[in-house]
Amino acid sequence: MMAAARTRMFPMRDYDLAATLTSGQVFRWQRHESGWIGVIGKRWVRLQADPSSIVAETAEPVADWGWLADYLQLELDLKTVLRTFPDDEPMRAALTACRGLRLLRQDPWECLASFILSSTKQIPQIRQIVSLLCERYGEALAVPEGRAPTCAFPAAARLAQASEGELRACKMGFRAPFLLATARKIAGGEFDLGRVQTLPVEAARAELMTLPGVGRKIADCVLLFACGCSHAFPVDVWVQKALRQLYFPRQRVRLPRLHQFAASHFGPNAGYAQQYLFHYMRLLRKRQVCLS
DNA sequence: TACCAGGAGAGCG
DNA sequence: CGCTCTCATGGT
């Protein structure tokens with residue numbers, strides 16, 4: 001048994017931490033000097049990546065780092081996942097552009113709440129809303145000496161006590177009543193997020209979609225980013241654009257057909273492939289990738 | 001200024 | 001069923 005320590009080095013290859021933390025699956029990580037500072041559960045965490053390892057630092061000594069290995073999915077063999085992607089031109093381009101991109105394993109409530117806030121918002125705005133929410137409703141956390149104070153993501157029970165007006169003051173606009181109603185269903189025990197994780201994907205999706213403000217896309221985000229359903233394939237405006245442009249050029253294809261195509265074309269880790277397409281499209285827009 | 005953003009839900013024919 | 005409109009807010 002290793003002694004409890006505040007830092008730990010994990011040997012790791014093929015892990016692009018920057019791409020992973022900025023690819024629109026999580027909204028709280030901040031680049032700081034040469035590393036990343038964020039919160040996992042009720043722990044302040046700093047991550048530092050180099051080509052062969054990830055070094056983690058916490059505020060208080062840790063004996064069992066399993067929670068971090070789980071969050072970062074350190075034991076996942078990326079090459080095995082990538083081999084299940086279809087060998088077509090769009091995927092090859094996305095793979096080249098996004099080498100080392102990973103999927104995290106998030107807390108279901110934080111993921112659900114964050115994506116309820118995500119609808120028709122740009123990622124920097126989602127980050128701002130989530131930041132305000134944590135600052136105003138989250139539990140204060142221990143941080144190392146000299147570090148800025150930070151808070152946990154607020155529990156459903158805490159948000160359930162807020163008023164719609166207070167939530168709107170966090171700049172979430174028309175999403176406020178959705179988040180509030182969902183928080184109250186979960187806090188009141190009317191909806192069991194833990195049980196959803198034990199259901200087959202289709203049943204879990206249907207269950208999630210009974211929550212206010214949760215449609216197909218947000219349900220799929222929770223399934224993929226928090227429940228480990230690597231087949232779940234969230235289709236947002238960017239992924240729609242990617243699928244239409246790359247796979248159905250000059251055709252009129254409706255959303256249900258895109259879902260059907262995605263489910264059959266991208267294999268058992270379709271959701272993983274989806275994240276590569278999403279990130280690839282964003283890199284293209286920012287012109288940070290070569291087209292040829 | 002006009003348009004768009006990791007959508008969902010309601011109303012319409 | 002398929003389409004359109006609305007819902008806040010901030011960025012380009």
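Numbered from 1 within each chain, the chains take letters A, B, ... in sequence-line order.
- A gap of 13 Å separates the P atoms of dC5(C) and dC3(B), to the nearest Å.
- Shown are Tyr276(A), Tyr272(A), Phe85(A), Tyr247(A); of these, the ring pair (Phe, Tyr, Trp, His ring centres under 6.0 Å) with Phe266(A) is made only by Tyr247(A).
- Lys171(A) comes within 4.0 angstrom of the backbone, heavy atoms only, and of no base.
- For the P atom pair drawn from dC4(B) and dT4(C), the interatomic distance equals 14 Å after rounding to whole Å.
- dC7(C) and dA5(B) have their C1' atoms separated by 14 Å, with the value rounded to a whole Å.
- Taking a cutoff of 4.0 Å between a charged side-chain nitrogen and a carboxylate oxygen, Arg28(A) and Glu110(A) do not qualify as a salt bridge.
- Atom CD1 in Ile129(A) sits roughly 13 Å away from atom C1' in dG6(B) (whole-Å rounding).
- Protein atom CD of Gln240(A) is 10 Å distant from nucleotide atom P of dA5(B), rounded to whole Å.
- Atom CD of Gln106(A) is separated from atom P of dG6(B) by 16 Å (rounded to the nearest Å).
- Residue Ser23(A) is classed as a base contact, given a heavy-atom separation below 4.0 Å to a base.
- Atom NZ of Lys286(A) sits in a crowded spot, with more than 12 heavy atoms from other residues, nucleotides or ligands closer than 6.0 Å.
- Here the P atom of nucleotide dG6(B) and the NE2 atom of His279(A) are 13 Å apart, to the nearest Å.
- Cation-pi geometry between Arg257(A) and Phe261(A) is not met at under 6.0 angstrom from the ring centre and within 45 degrees of the axis.
- As rounded to whole Å, 14 Å separates atom P of dG10(C) from atom CG of Leu117(A).
- Nearest heavy atom pair, residue Pro268(A) against residue Ser230(A), reads O-OG, 3.3 Å.
- Tyr137(A) has its side chain within reach of Cys170(A): a pair of non-hydrogen atoms, C-beta onward, lies under 4.5 Å apart.
- Taking atom NZ on Lys121(A) and atom C1' on dG7(B), their separation rounds to 12 Å, with Å as the unit.
- Of the P atoms belonging to dG10(C) and dG9(B), the separation is 24 Å, rounded to the nearest Å.
- Between Asp16(A) and Arg99(A) there is no salt bridge, since no side-chain nitrogen of the basic residue lies less than 4.0 Å from a carboxylate oxygen of the acidic one.
- Rounded to whole Å, the P atom of dA8(B) lies 23 Å from the corresponding atom of dG11(C).
- The stretch residues 252-266 of chain A comes close to DNA chain C through Arg254(A), each having a heavy atom under 4.0 Å from the strand.
- A salt bridge links Arg92(A) with Asp87(A); the closest basic N to acidic carboxylate O contact falls under 4.0 Å.
- Comparing Thr120(A) and Pro124(A) along DNA chain C, the residue whose closest nucleotide (by nearest heavy atom) sits nearer the 5' end is Thr120(A).
- For dG6(B), its base never sits under 3.5 Å from the side chain of Gln125(A) at any donor and acceptor pair.
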Show the distances under 3.5 angstrom between N or O atoms of the protein and N or O atoms of nucleotides 8-13 of chain B.
{"residue": "dA8(B)", "atom": "OP1", "partner": "Gly215(A)", "partner atom": "N", "Å": "2.8"}
{"residue": "dA8(B)", "atom": "OP1", "partner": "Gly215(A)", "partner atom": "O", "Å": "3.3"}
{"residue": "dA8(B)", "atom": "OP1", "partner": "Lys217(A)", "partner atom": "N", "Å": "3.4"}
{"residue": "dA8(B)", "atom": "OP1", "partner": "Ile218(A)", "partner atom": "N", "Å": "3.0"}
{"residue": "dG9(B)", "atom": "OP1", "partner": "Gly213(A)", "partner atom": "N", "Å": "3.0"}

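- Taking atom CZ on Phe174(A) and atom P on dC7(C), their separation rounds to 10 Å, with Å as the unit.
- Contact annotation for Phe27(A): no contact, since no heavy-atom pair falls under 4.0 Å across all strands.
- Remark: ring of Phe278(A) stacked against base of dG6(B); centroid gap under 5.5 Å, plane tilt under 30°.
- Across all strands, Gln275(A) comes closer than 4.0 Å to base atoms (heavy-atom distances).
- A cation-pi arrangement is found for Arg43(A) relative to Trp67(A), the charged atom lying closer than 6.0 Å to the ring centre and inside a 45° cone about the ring normal.
- For Phe10(A) and Tyr15(A), the gap between ring centers reaches or exceeds 6.0 Å.
- For the pair Ile126(A) CD1 and dG11(C) P, the computed distance is 13 Å after rounding to whole Å.
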